[in-house]
Amino acid sequence: MTAVKYARSIGLNNIEARVEGLAQNLRTRLSSLKGIEVHDLGEKKCGIVTFTKAGANPLEMADVLRHSGINVSVSKMTSARLDLEPRNLSALTRASVHYFNTEVEIDTFTKAIDAM
C-alpha cells in the first residue's frame with residue numbers, strides 16, 4: 001500500500017514520462033557504443049531496453065554485470081520464440097529502468113557495457 005501511495009503522490013503520468021525519458025537516453029547512449037545494437041521495436045517503447053553486443057554472449061555479460069552490482073536479465077529464444085526467432089536472435093540482454101534511476105546510473109551502465 002505504501003508503494004501505491006508513493007506512486008500516486010508522484011503521479012502516474014510523471015512516472016511514465018520519467019521512465020520513457022530514461023529508457024530513451026539509455027537507448028541513445030547504447031546505440032553510440034561500438035558493437036552495440038539496440039533491438040527494441042514498436043512505436044511506443046517502455047522502460048525495458050534490449051540489446052546485443054557483437055561477439056559477446058548475453059548470459060556471460062549478465063554474470064559479469066551482476067558481479068559489478070548491475071542487474072540485467074536475458075531473454076532467450078526458447079522463452080521468446082515468436083519475437084526472437086523471426087529476427088534470428090538467440091538471446092538479448094535486457095536492462096530495465098524505473099523512475100528512481102538516475103542519469104549517473106545510466107552513465108555507469110553504459111561505461112560498463114563499453115568496457116566489456
Side-chain angles (χ1 to χ4, degrees):
M1 192 57 134
T2 301
V4 172
K5 287 180 184 178
Y6 185 65
R8 283 187 164 169
S9 73
I10 294 171
L12 296 181
N13 290 336
N14 292 333
I15 290 172
E16 179 182 28
R18 172 80 175 153
V19 169
E20 286 177 354
L22 286 171
Q24 186 54 47
N25 183 16
L26 180 55
R27 287 182 188 94
T28 300
R29 297 279 308 274
L30 286 171
S31 294
S32 73
L33 299 178
K34 184 177 182 185
I36 297 291
E37 186 172 349
V38 175
H39 294 279
D40 300 337
L41 300 175
E43 189 173 313
K44 183 165 175 72
K45 295 174 181 62
C46 66
I48 299 171
V49 179
T50 59
F51 64 95
T52 53
K53 182 166 184 170
N57 178 309
L59 291 169
E60 291 171 6
M61 286 178 62
D63 284 341
V64 169
L65 291 168
R66 199 169 296 114
H67 286 2
S68 299
I70 299 172
N71 293 315
V72 295
S73 62
V74 176
S75 288
K76 297 184 280 185
M77 188 187 301
T78 55
S79 302
R81 191 168 301 281
L82 293 175
D83 179 33
L84 300 185
E85 190 170 25
R87 297 195 281 160
N88 198 31
L89 296 167
S90 60
L92 297 171
T93 303
R94 292 171 42 120
S96 301
V97 298
H98 206 8
Y99 64 93
F100 51 75
N101 288 121
T102 66
E103 300 294 337
V104 171
E105 289 172 318
I106 289 175
D107 188 50
T108 300
F109 181 77
T110 54
K111 285 179 181 176
I113 296 298
D114 195 31
M116 298 181 105

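The residues of the chain are indexed from 1 along the displayed sequence. Keep in mind that the numbers below use all heavy atoms, side chains included, and drop hydrogens, waters and symmetry copies.
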May I ask you to decide if T102's main-chain N or O and E105's side chain share a donor-acceptor pair within less than 3.5 Å?
-> yes
For K53 and M116, indicate whether the former's side chain and the latter's backbone hold a donor-acceptor pair under 3.5 Å.
-> yes
Quick check for you: to the nearest 0.5 Å, what is the distance between [X] atom [atom1] and [Y] atom [atom2]?
{"X": "S75", "Y": "L84", "atom1": "OG", "atom2": "CG", "value": "6.5 Å"}
{"X": "F109", "Y": "L65", "atom1": "CZ", "atom2": "CG", "value": "6.0 Å"}
{"X": "D107", "Y": "N25", "atom1": "CG", "atom2": "CG", "value": "9.5 Å"}
{"X": "N57", "Y": "S90", "atom1": "CG", "atom2": "OG", "value": "7.5 Å"}

Specify the closest pair of heavy atoms between G47 and V19, including all atoms of both residues, with the distance to one decimal.
-> CA-CG1, 3.5 Å
Could you pull out the closest heavy-atom pair between R94 and V74, with the gap in Å?
-> CD-C, 4.5 Å
Less than 4.5 Å apart, any side-chain heavy atom of E103 and any of I106?
-> yes
Contact check, side chains of R87 and L41, non-hydrogen atoms, under 4.5 Å | yes
Kindly state each residue pair satisfying ring-ring contact (aromatic ring centres under 6.0 Å, His included) with at least one member in residues 62-98, sequence neighbours excluded.
-> H98-F100
Check step by step if salt bridge (Lys or Arg N to Asp or Glu O under 4.0 Å) holds for D63 and R66.
-> CA-CA 5 Å; D63 284 341; R66 199 169 296 114; 3.0 Å; yes
In this structure, which one of V72, D40, L30 forms a side-chain contact (heavy atoms from CB on, under 4.5 Å) with F51?
-> L30
Quiz: residues 7-17 side-chain donor-acceptor pairs under 3.5 angstrom, not counting sequence neighbours:
residue	atom	partner	partner atom	Å
S9	OG	Y6	O	2.6
N14	ND2	I10	O	2.7
E16	OE2	K44	NZ	3.2

